[in-house]
Colleague: 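Got a structure for you, written out below as structure tokens; questions coming shortly.
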Amino acid sequence: MAVAAAMAAAAFPGYTPPLPTTTFNITPVTHLGPFTLRLHVRPRRAAAITAAAAATLREVCAGRVPDHVLQRAEEVGYVVPTEVQEQSLPLLLSGQDCILHAQTGSGKTLAYLLSVFSAIDFSRSSVQALVVVPTRELGIQVTKVARLLAAKACTVMALLDGGMLKRQKSWVKAEPPAIIVATVPSLCQMVERRAFTLQSIRVLVIDEVDFIFGSSKQVSSLRKILTSYSAASSRQTIFASASIPQHNRFLHDCIQHKWTKGDVVHVHVNPVQPMPSHLCHKYVICTKKERLHVLLSLLERDAPKSAIIFVAEQSERSKKAGNPPSTSAVVEFLRNSYKGSLDVLLLEEDMNFNARAASFSDVKGRGFMLVSTDIASRGFDLPQTSHIYNFDLPKTATDYLHRAGRTGREPFSRLECGVTTLITEDEHFVLQRFQNELKFHCEELPLESMFTLTS
Ligand SMILES: Nc1ncnc2c1ncn2[C@@H]1O[C@H](COP(=O)(O)OP(=O)(O)OP(=O)(O)O)[C@@H](O)[C@H]1O
């Protein structure tokens with residue numbers, strides 16, 4: 001314990017060691033005679049990403065995850081488990097089906113990937129694990145982490161929308177990768193072309209599960225995948241998300257439809273606080289016309305290290321009328337008016353895959369100001385993002401949670417990160433509803449303070 005805390009303190013400057021454990025000895029008398037119960041009680045901090053630090057990641061995974069994977073994890077900087085990792089890994093590594101339900105940026109990806117590495121046989125040449133993701137960008141990111149941990153011990157293939165499926169099919173047949181990270185449409189095409197069967201898969205992970213179930217384009221294919229996988233002889237199913245609305249109902253559906261085994265566990269970390277506590281939420285009330293100038297003023301006063309500006313997706317009606325999307329208007333305005341050092345980049349669904357890939361790789365590694373639709377709100381892990389701006393109010397509280405969760409993603413760091421939402425007077429009650437649902441406080445920034453800076 002002391003060693004783990006010291007290693008964590010060295011690796012993460014902002015890390016604070018866990019609160020001390022208190023041990024109680026209780027001696028109840030039963031019909032079998034007296035015996036001693038030893039209770040170890042450690043007070044919990046409020047944040048979900050507090051270092052659990054009862055043990056190192058290596059200790060939690062000992063004997064289950066291959067040593068070379070753990071060594072890679074340590075080299076990357078994964079030394080101490082986050083709370084969701086500490087709670088879920090003992091279950092995951094014993095083969096239990098799990099629903100991982102924990103705040104954004106809490107480390108769910110590493111939890112399920114370690115489980116994948118513990119289940120696969122590195123000497124076998126076959127597809128053994130599947131990670132299903134909702135977007136190409138999240139797929140690229142998860143593939144990167146999986147390859148980082150695998151080093152060269154096994155192959156990880158990305159089977160994503162816009163990929164070269166014909167060539168990949170030949171590859172899967174000739175040299176099957178042990179792990180495939182796939183978007184739903186690409187995976188379905190591959191299974192239909194009989195490149196591999198789901199029955200041979202040992203672990204199936206569905207990341208951002210509520211998003212895929214909520215997507216009219218993806219839900220029926222996902223159901224088919226889950227039903228087909230339920231016939232696999234040796235299987236483990238893992239679902240992950242920071243938001244699982246009606247989770248009891250979902251748990252019930254999993255068992256009833258046999259998407260999981262009957263003893264599936266819902267690992268729900270910090271249910272009373274759905275969002276990280278170190279996010280600082282603000283809002284400005286202004287008219288639609290004032291929004292671009294208010295945004296500029298906010299960027300000048302906040303001077304973000306990197307930022308994501310979320311803009312609503314263009315409606316079908318507006319597309320048909322031939323209007324340019326609002327994202328383009330924001331990008332154009334910022335490229336002309338913003339005088340800071342960050343690159344202004346664009347990411348949205350309607351861009352072709354090459355342009356999307358270019359934007360995504362541009363944001364890696366240097367300061368950026370990314371103007372994006374909700375496509376960047378799920379799973380994107382760009383830890384240098386210090387500020388989020390909701391240029392348009394998100395449609396739902398869940399969308400707010402995921403957009404806000406693109407910042408504050410450094411586990412063990414308590415640095416405050418900003419989330420600012422621009423709303424009209426009429427939208428105020430919607431933001432209040434989000435605050436009630438997600439249990440956070442949002443402070444008003446008076447409009448006058450904005451214009452003092454720009455004038
Ligand atoms: N044990 C750990 N030690 C240090 N850093 C970690 C650890 N686990 C995860 N991280 C880092 O924390 C960040 C967030 O992790 P991850 O992307 O897995 O979050 P998540 O729970 O999947 O979030 P979201 O719900 O937003 O997708 C990543 O940058 C990751 O590298």
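Remember, it's 1-based here, ligands and their atoms both numbered in the order they're listed.
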Colleague: Geometry only, no angles: is Gly105 polar-contacting ligand 1 at N/O separations under 3.5 Å?
Modeller: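 Yes: some nitrogen or oxygen of Gly105 is under 3.5 Å from one in ligand 1.
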Colleague: Within a distance under 4.0 Å of any heavy atom of Thr109, pick out the atoms of ligand 1 and give their elements.
Modeller: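 Answer, ordered by atom number: 16 (P), 17 (O), 18 (O), 22 (O).
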Colleague: Looking at Arg58 and Glu74, is any side-chain nitrogen of the basic one under 4.0 Å from a carboxylate oxygen of the acidic one?
Modeller: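 Result for this pair is yes, salt bridge flagged.
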Colleague: Give yes if a backbone or side-chain nitrogen or oxygen of Gly107 is under 3.5 Å from a nitrogen or oxygen of ligand 1, and no if not.
Modeller: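 The answer is yes, given that Gly107 and ligand 1 share an N or O pair closer than 3.5 Å.
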Colleague: Evaluate Gly405 for polar contact with ligand 1, using N/O atom pairs at a separation under 3.5 Å.
Modeller: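 In this structure, Gly405 places no N or O atom under 3.5 Å from an N or O of ligand 1.
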Colleague: For Lys439, does the NZ atom sit with more than 12 other heavy atoms under 6.0 Å from it, leaving out its own atoms?
Modeller: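 Yes, enclosed.
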Colleague: Hey, can you tell me if Phe250 and Trp259 have their rings parallel, tilted or perpendicular (30° and 60° cut-offs)?
Modeller: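 Tilted, since the angle between the ring planes falls between 30° and 60°.
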Colleague: Within ligand 1, which atoms have a heavy atom of Gln103 less than 4.0 Å away?
Modeller: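 Listed by number with element, the hits are 21 (O).
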Colleague: Answer with yes or no whether Phe380 contacts ligand 1, where contact means a heavy atom under 4.0 Å from a ligand atom.
Modeller: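 For ligand 1, residue contact (heavy atoms, under 4.0 Å) with Phe380 is absent.
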Colleague: Thr104 to ligand 1: N or O pair under 3.5 Å?
Modeller: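 No - when backbone and side-chain N and O of Thr104 are compared with those of ligand 1, no distance drops under 3.5 Å.
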Colleague: When rounded to the nearest 0.5 angstrom, what is the spacing between OG in Ser88 and CG in Leu100?
Modeller: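 Between Ser88 OG and Leu100 CG, I get 5.0 Å after rounding to 0.5 Å.
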Colleague: Mind checking whether Lys108 has an N or O less than 3.5 Å away from an N or O of ligand 1?
Modeller: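 Among all N and O atoms of Lys108, at least one is under 3.5 Å from an N or O of ligand 1.
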Colleague: Tell me, please, which residues at least two apart from Asn390 pass side-chain contact (heavy atoms from CB on, under 4.5 Å).
Modeller: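 Expected list: Phe310, Ile388, Pro394, Tyr400, Arg403, Val419, Thr421.
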Colleague: side-chain contact (heavy atoms from CB on, under 4.5 Å) with Val430: which residues, sequence neighbours excluded?
Modeller: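 So Val430 forms a side-chain contact (heavy atoms from CB on, under 4.5 Å) with Leu393, Arg433, Phe434.
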Colleague: With a 4.0 Å cut-off on heavy atoms, does Ala102 reach ligand 1?
Modeller: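 Not so, Ala102 does not reach ligand 1.
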